[in-house]
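Quick notes on the structure that follows.
Treat the numbers as computed from the prediction; the structure is a model and nothing was measured. The sequence lines fix the lettering, A, B, ..., with proteins before strands; numbering per chain opens at 1.
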Amino acid sequence: MQKGDHLFLVDGSAYIFRAYHALPPLTRKSDGMPVGAVSGFCNMLWKLVEESRDTSVGVAPTHFAVIFDHSSTTFRNALYDGYKANRPAPPEDLRPQFGLIREAVRAFDLPCIEKEGFEADDLIATYARLAREAGGDVTIVSSDKDLMQLVGPGVILYDQMKDKRLGPEEVREKFGVYPEKMIDLQALVGDSSDNVPGIPGIGPKTAADLLETFGTLEALLERADEIKQAKRRESILANVDQARLSKRLVTLDQHTPLDVPLDDLFIHEPDGEKLVAFLKAMEFTTLTRRVAAKLGTDAADVAPAKVDAKAPARGPDLDPAAPAGDTQLAMSPKALAAERLAQAASQPVDRSAYVTIRDEATLERWIARAYETGILAFDTETTSLDAMKADLVGLSVAVSPGEAAYVPIAHVGEGAGDLLSGDEAKEGVGAQIPLGRVLDLLKPVLTDPAILKVGQNVKYDYLVMLRHGIALQPFDDTMLISYVLDASSSLEGHGMDELSERLLGHKPISYRELVGTGKAAKAIAACPIDKVTEYAAEDADVTLRLWRVLKPRLAAEGMISVYERLERPLVPVLARMEERGIRADRQILSRLSGRFALKAAGLEADIHILAGEPFNIGSPKQLGEILFGKLGLPGGKKTKTGQWATDAKLLEDLAAQGHDLPRRIVDWRQITKLKGTYTDALPVYMDEADRIHTSYSLASTTTGRLSSSEPNLQNIPVRTQEGREIRTAFVAAGGHKLLSADYSQIELRLLAHMAEIPQLVEAFQAGQDIHATTASEMFGVPVEGMPADVRRRAKAINFGIVYGISAFGLAAQLAIPQGEAASYIKRYFERFPGIRDFMDRTKSFAKETGYVETLFGRRAHYPDIRSSNPQVRAAVERAAINAPIQGTAADIIRRAMIRMEDALRAERLSARMLLQVHDELVFEVPDEEIEATIPVVKRVMEGAADPVVELVVPLVVDARAAGNWDEAH
DNA sequence: TACAGATCTTA
DNA sequence: GTAAGATCTGTAC
């Protein structure tokens, strides 16, 4: 190397993590191997190589290397055994990619440098020194602040993602000191991600101030008694040794022994064939094409390389898969999760430390802090629990445990500022930053790929921010993490207050406590800002603390892929569905309401005459007294609370015996139900554009299904004629149709697959009527000309199996004696012995582990399966048998939903997904696109299990379009 | 005002 | 027999 030469040093390990976190997960089509980080890495590297080949830019490298951390202990661990001790293990689906990425660097024909016992940063420091001494220039491709100490004459940092070059001036702008003082600054501030202690209470601003005054760290430590601020002085005096230790930890070693001499890093033209072969093996079609074109290689002529992902898969630092006894410092994910839990309980929440942010400069400082910690817990305070109606009242943020603040935006009344005297408002005592400014300042952080946003029930905040034009990204959701880890029938839910009490041992201020209860309740915007600060900042603080406890458990318990592939990506999809809403027809609903009212009134009059007195028909208590007390009808049963039972089944039986009154009561109940729950209630939910926006919950079922509320659009009537008419009120917008696509018999198909029942699998493969086939197997009746009743019985049994059948339940369903039902079940098990095996297998797995699993790895926990109460145990066993089937179906439609929008976009279709009803998706489609849309929707839904699970039965989707939901369904 | 129970709607 | 949510009543506070 000589003067005029230029060395590029790529911080490979940092690159990997950035590529991984900045990009959506991606799997190789052919085998589902995670390759998202590899793809991001290759794209970035190619861009860099391509730019550098363009000599017109004038910064073309003559030398080039990619440098990685090597998983092992470094000299820093000898200095301080806590060094990097709280670094989380890399995510599970990233680990196999470490080896692939090293392969990628070799495919690019670039030197891939790593050395046992040294961090990438030390190697970079050493190469940079050598290059500079030889008279060359250096560009370090990284944005890590640890490398800023190397910046100086001839050495700059290049942040490729932000396309920013950092020289001494930029470093000073960012940290308030020139690069020569970065080491001293880092020693004072410390680094929570590397567990460098620093001096408590000293942040980057204070550190820069101190260095400005005292010149160097040593001078500061010697003359610390001159510091005026008592707290600061005491903290520094108490931690002199810790600061010196920190300095040694953050100082990069510029004299590491090198295996590859500097001159060997000389750049040469990449081997097109080798690179294309690798990219083909990874199945990166776009990049393969681009690279082949640029390097003049014909991609069609190149065979994919044989890439062994396993061989060099030892990750960089902190590989939890490392063998025990290895000197590595890394904590296993399990140990980390345990430590975080212990830590959480011992760090008390201090509400008095929370800050109210009332001016832009302060907000900017908090944002800068988020860039330092890389994480921002975030919560919105609004005027409504309904995200579609909610206006922002304020925002809270947290950047580290205990370090949280509240930004009031639209508070009114006392203490809000507008009632204060002008002077006070100017002084900032009661000021609020205008909404527009808050959003302008926050948008870059909220969408910055390098800053992880953490929320609790993110879909809510996502929707609120989406309505202000901000698409939160990337994010983690503590509610969803908890749900993935602890979905259970017996545990409570995943709400923040519950999680906080359970995991942190801390009871946050409840919303009720803040605003008051009942009539006395205030709008949050009218609450005193200091009180709201305590409440809101605490929410952000608690969310961040929960995240620190919960996130490592994902790795420890092997649940990362469920969270990252089935939960998190669904949040934006559902947010958009909720935002769109579905159109309803006011006229149809009000006409139906009128008709139902008339009919109910007629029935009510008849009922009162038949009963001999007026009474409240809607009161089961009064009704029971009339039927079984006054009129003395037979068959009176008591519910568990001692009331007369008056359920529909029982009234139907009485009606069948020729009693008029019960029949009319059943009819009255149906009509009033339809009116009260649907035709009267739905119009209240309609917005100005006549659209209804339901809210989906991702975390309220044990099995992985979604639920819908306010209003529940997953239980709109369909079975009776009068009920179906309500569906005709759900309509498409002008020029559009509603397209309904539903999985046919998905749960039975999954049962056939999971229990491996040859007859059922074959029947599904041949596209036969599954209930008729079952009946034929069981009763020996040919399918041709089978009586409807025989098929009906088989159908009930099939459903029963999925529900974890009992003779009692089947008997009730078919209205046959329990003994007869038992003999059906016995015969079913004889004909399909695999079913009994499957059920036994599932039960014993659940007893052993306490949970059951779907084909995609989702878990449902059933601790009560070990109950000593046989009734309880039997009920839990049925649930445990049903959960893998229902849950796998839920996983499959989730996968379809996550892929659907991209698939439609790729075909340039404008269909919009509106509703999910467990096995059905409803879209709104422009009239002229219907024919083109149907096959795309079917393809995505039918292929949704691929490539992770290869089903032996086909999934079949029926799709139909019409002007309203009734005709489409 | 808040909550539990009964009933009924869906997949 | 599985999984949900809404409405209404009646009661406890």
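Taking only side-chain atoms of A/Ala879, from C-beta outward, the nucleotide of B/dT10, C/dT2, C/dA4 with the closest atom is C/dT2. In this structure, the nucleotide among C/dA4, B/dT10, C/dA6 sitting nearest to the side chain of A/Arg727 is B/dT10. The A/Lys673 side chain lies nearest to B/dT9 when the options are B/dT10, B/dT9, C/dG1. Set against C/dA6, B/dC8, C/dG1, the side chain of A/Thr677 has C/dA6 as its closest nucleotide. Nearest nucleotide to the side chain of A/Thr639, out of C/dG1, B/dA11, B/dT7: B/dT7. Minimum atom distance to the side chain of A/Asp919 is reached by B/dA11, of the listed B/dC8, C/dT2, B/dA11. The side chain of A/Pro717 sits closest to B/dT9 out of C/dT7, B/dT9, C/dG1.
In this structure, A/Ser697 reaches neither bases nor backbone, as no heavy-atom distance under 4.0 Å exists between it and the strands shown. At the heavy-atom level, A/Ala796 lies under 4.0 Å from base atoms of the strands shown. Among the heavy atoms of the strands lying under 4.0 Å from A/Gln670 are primed sugar atoms or P, OP1, OP2 only; no base atom is included. Across all strands shown, A/Gln643 has no heavy atoms under 4.0 Å from either base or sugar-phosphate atoms. A/Val917 comes within 4.0 angstrom of the backbone, heavy atoms only, and of no base. At a threshold of 4.0 angstrom between heavy atoms, the contacts of A/Thr702 are confined to the sugar-phosphate backbone, with no base atom among them. Residue A/Ile881 is out of contact with every strand shown, counting any heavy-atom pair closer than 4.0 Å. A/Arg878 comes within 4.0 angstrom of sugar-phosphate atoms only, judged by non-hydrogen atoms across all strands, and of no base. A/Tyr678 comes within 4.0 angstrom of the backbone, heavy atoms only, and of no base. Among the protein residues, A/Ala889 comes within range of no part of the nucleic acid, since none of its heavy atoms lies under 4.0 Å from any strand. Within the 4.0 angstrom heavy-atom criterion, only backbone atoms of the sugar-phosphate kind lie near A/Ala648; the bases stay farther away. A/Gly800 comes within 4.0 angstrom of a base, heavy atoms only.
Taking atom CD of residue A/Gln714 and atom P of nucleotide B/dC8, one finds them 21 Å apart after rounding to whole Å. With rounding to whole Å, A/Arg669 atom CZ is found 16 Å from C/dA6 atom C1'. Remark: P of B/dA11 and OH of A/Tyr743 are 16 Å apart, rounded to the nearest angstrom. Look at NE2 on A/His918: it is 16 Å from P on B/dT9, rounded to the nearest Å. When rounded to the nearest whole Å, the span between CG of A/Leu750 and C1' of B/dA11 equals 14 Å. In this structure, A/Phe730 atom CZ and B/dT10 atom P are separated by 13 Å, rounded to whole Å. A/Met839 places its CE atom 11 Å from the C1' atom of C/dT2, with the value rounded to the nearest Å. Put simply, CG on A/Asn715 is 7 Å from C1' on C/dA6, counting in whole angstrom units.
Under a 4.0 Å N-O distance rule, the pair A/Glu567/A/Arg894 qualifies as a salt bridge. Salt-bridge formation is detected for the pair A/Glu613/A/Lys630: a Lys NZ or Arg NE/NH1/NH2 atom is positioned less than 4.0 Å from an Asp or Glu carboxylate oxygen. Under a 4.0 Å N-O distance rule, the pair A/Asp667/A/Arg664 does not qualify as a salt bridge.
When all heavy atoms of A/Ile805 and A/Ile797 are compared, the pair lying nearest together is CD1-O, 4.1 Å. Pairing each heavy atom of A/Tyr483 with each of A/Arg858, the nearest pair is CE2-NH1, 3.7 Å.
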Nucleotide N/O to protein N/O under 3.5 Å, stretch nucleotides 10-13 of chain C:
unit_1, atom_1, unit_2, atom_2, d
C/dG10, OP1, A/Ser619, OG, 2.3
C/dG10, OP1, A/Gln622, NE2, 3.3
C/dT11, OP1, A/Lys621, NZ, 3.3

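Contacts of A/Arg580 classified as side-chain hydrogen bond (donor to acceptor under 3.5 Å, both in side chains), with partners at least two apart in sequence or in another chain: A/Glu901.
Taking side-chain N and O atoms only, A/Arg719 has a distance below 4.0 Å to OP1 or OP2 of B/dT10. For C/dG5, neither phosphate oxygen OP1 nor OP2 lies less than 4.0 angstrom from any side-chain nitrogen or oxygen of A/Ser709.
By the 6.0 Å and 45° rule, A/Arg793 stacks over the aromatic ring of A/Phe779. Taking the ring axis of A/Trp644 as reference, the NZ or CZ atom of A/Lys621 does not stay both within 45° of it and closer than 6.0 Å to the ring centre.
In summary, the side chains of A/Thr646 and A/Arg669 do present a donor paired with an acceptor at a separation below 3.5 Å, with no hydrogens or angles considered.
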